[in-house]
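What follows is a single structure, written as structure tokens, with notes after it.
One-based numbering, in listed order, for ligands and for the atoms of each.
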Amino acid sequence: MFCLSSSPILCHKPSPMPSDSDLQILRSAIRDVVDFPKPGIVFKDITPVLADAKLFRLAIDCFAEATRAAGAEKVVGIDARGFLFGAAVAYQLGLGFVPIRKKGKLPYKTQSAAYTLEYGEAVVEMHVDAVQPGEKVVLIDDLLATGGTAAAAIKLIELMGAKLVEAQFLIELDFLQGRVNLPADRVRAFLHF
Ligand SMILES: O=P(O)(O)OC[C@H]1O[C@H](OP(=O)(O)OP(=O)(O)O)[C@H](O)[C@@H]1O
Ligand SMILES: Nc1ncnc2[nH]cnc12
């Protein structure tokens, strides 16, 4: 699309925020898989959302409208499911996309952060030049459980001097209270379980 605006975000029509009934349809498409990847975990499977064109668009519209409203200048997505939503949102809004990856996958100089999550522990990394000091970034992932992964990602963003304007998730597992490990006033989830 040709555009005269100096702000890339203004080049794109705002996406409509999905209605409550749309969110209900989206919620009912999330599949529970019991005892995956470990006994005792009820895994929230988003693949039925990804596979359905209308539902995938609804999910992207949720993130895109919130990201636009937050005034983000860049989208950061978490390996791997955060890439599926984050990259599409960045494209939709005309913003750059930055991957935070599991240890050993990024080729250039990295900053790293260790963390624990609902079913394990890991290390995530981000390229040292991926975000700029003062840059407004939105963090996107599919799911907030204990908040360990997102807290590590936010630590990387802030170590680089960028400003987290919002951390956004398609799903929040409310009973795990992951928000307490994050800046709760800048956390948004579209579906709650
Ligand atoms: O809030 P937490 O307890 O930290 O858990 C949430 C994280 O767990 C899942 O990622 P996972 O590490 O399974 O990686 P994947 O996206 O590659 O499947 C999910 O996509 C979040 O990133
Ligand atoms: N219960 C869960 N389902 C899907 N992804 C997760 N990541 C952490 N906990 C999860």
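Of the protein's non-hydrogen atoms, Asp141 OD2, 2.5 Å is the one closest to atom 22 (O) of ligand 1. From the protein, the heavy atom lying nearest to atom 4 (O) of ligand 1 is Thr149 OG1, 2.5 Å. Looking at atom 20 (O) of ligand 1, its nearest protein heavy atom turns out to be Asp142 OD1, 2.5 Å. Protein heavy atom nearest atom 9 (N) of ligand 2, with residue, atom name and distance: Glu118 OE1, 2.5 Å. The single protein non-hydrogen atom nearest to atom 12 (O) of ligand 1 is Leu117 CD1, 3.4 Å, given as residue, atom name and distance. For atom 6 (C) of ligand 1, the nearest protein heavy atom (residue, atom name, distance) is Leu143 O, 3.5 Å. Atom 3 (O) of ligand 1 has its closest protein heavy atom at Thr146 OG1, 2.6 Å.
Of the candidates Lys102, Arg81, Glu118, Arg101, the one placing a heavy atom closest to atom 18 (O) of ligand 1 is Arg81. Compare Tyr119, Phe83, Phe43, Phe169 by their heavy atoms: the one nearest to atom 13 (O) of ligand 1 is in Tyr119.
You'll find the side chain of Phe169 stays beyond 4.5 Å of the side chain of Ile140, heavy atoms only. When side chains are defined from C-beta on, Asp142 does not count as touching Leu84, because their heavy atoms never get closer than 4.5 Å. Using a 4.5 Å cut-off on side-chain heavy atoms (C-beta onward), Leu50 and Ile46 make contact. The side-chain heavy atoms of Glu125 and Lys103, taken from C-beta on, include a pair separated by under 4.5 Å.
Within ligand 2, the atoms closer than 4.0 Å to a non-hydrogen atom of Arg81 are 4 (C), 5 (N), numbered from 1 in the order shown. Distances below 4.0 Å separate heavy atoms of Lys44 from the following atoms of ligand 2: 2 (C), 3 (N), 4 (C). Atom numbering of ligand 1 starts at 1 in the shown order; those under 4.0 Å from a heavy atom of Gly147 are 1 (O), 2 (P), 3 (O). Ligand 2 places these atoms under 4.0 Å from at least one heavy atom of Leu173: 1 (N). If you number the atoms of ligand 2 from 1 as listed, the ones under 4.0 Å from a heavy atom of Ala145 come out as 8 (C), 9 (N). The contact set between ligand 2 and Leu143, taken as ligand atoms under 4.0 Å from a residue heavy atom, comprises 3 (N), 4 (C), 5 (N), 6 (C), 7 (N), 8 (C), 9 (N), 10 (C).
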- Given the rule in the side chain to side chain donor-acceptor pair (under 3.5 Å) test, do Ser21 and Ser19 qualify, once you have shown the distances and angles that lead to the verdict? CA-CA 5 Å; Ser21 69; Ser19 65; 3.3 Å; yes

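Ring orientation note: the planes of His127 and Tyr108 are nearly perpendicular, at an angle over 60° on the 30°/60° scale. Ring geometry for Phe85 against Phe63 counts as tilted: the plane angle lies between 30° and 60°, on a 0 to 90° scale.
Close N/O approach between Leu144 and ligand 1 is not found [any backbone or side-chain N/O within under 3.5 Å]. Considering both main-chain and side-chain atoms, Ala80 comes within under 3.5 Å of ligand 1 through a nitrogen or oxygen pair. Between Tyr119 and ligand 2, at least one N/O pair is under 3.5 Å apart.
For Asp35, the CG atom counts as densely surrounded, since its 6.0 Å shell holds more than 12 non-hydrogen atoms of other residues, nucleotides or ligands.
Contacts with ligand 2 closer than 4.0 Å are made by backbone heavy atoms (N, CA, C, O) of Val42 only, the side chain lying farther away.
Between Lys74 and Glu135 there is a salt bridge, since a side-chain N of the basic residue sits under 4.0 Å from a carboxylate O of the acidic one. The pair Arg179-Glu172 counts as a salt bridge, with a side-chain nitrogen and a carboxylate oxygen less than 4.0 angstrom apart.
Taking the centre and axis of the six-membered ring of Phe193, the NZ or CZ atom of Lys44 falls inside the cone set by 45° and 6.0 Å.
Side-chain contact of Glu166 with Thr67: a donor-acceptor pair under 3.5 Å is absent, judged by distance alone.
Residue contact annotation: Leu117 has no non-hydrogen atom under 4.0 Å from ligand 2. Ligand 1 is never approached by Ala150 to a heavy-atom distance shorter than 4.0 Å. Between Ile46 and ligand 2 there is no heavy-atom distance shorter than 4.0 Å.
Taken together through direct or relayed side-chain contacts under 4.5 Å among Ile, Leu, Val, Met, Phe, Trp and Tyr, Phe190 and Leu144 form parts of separate hydrophobic clusters.
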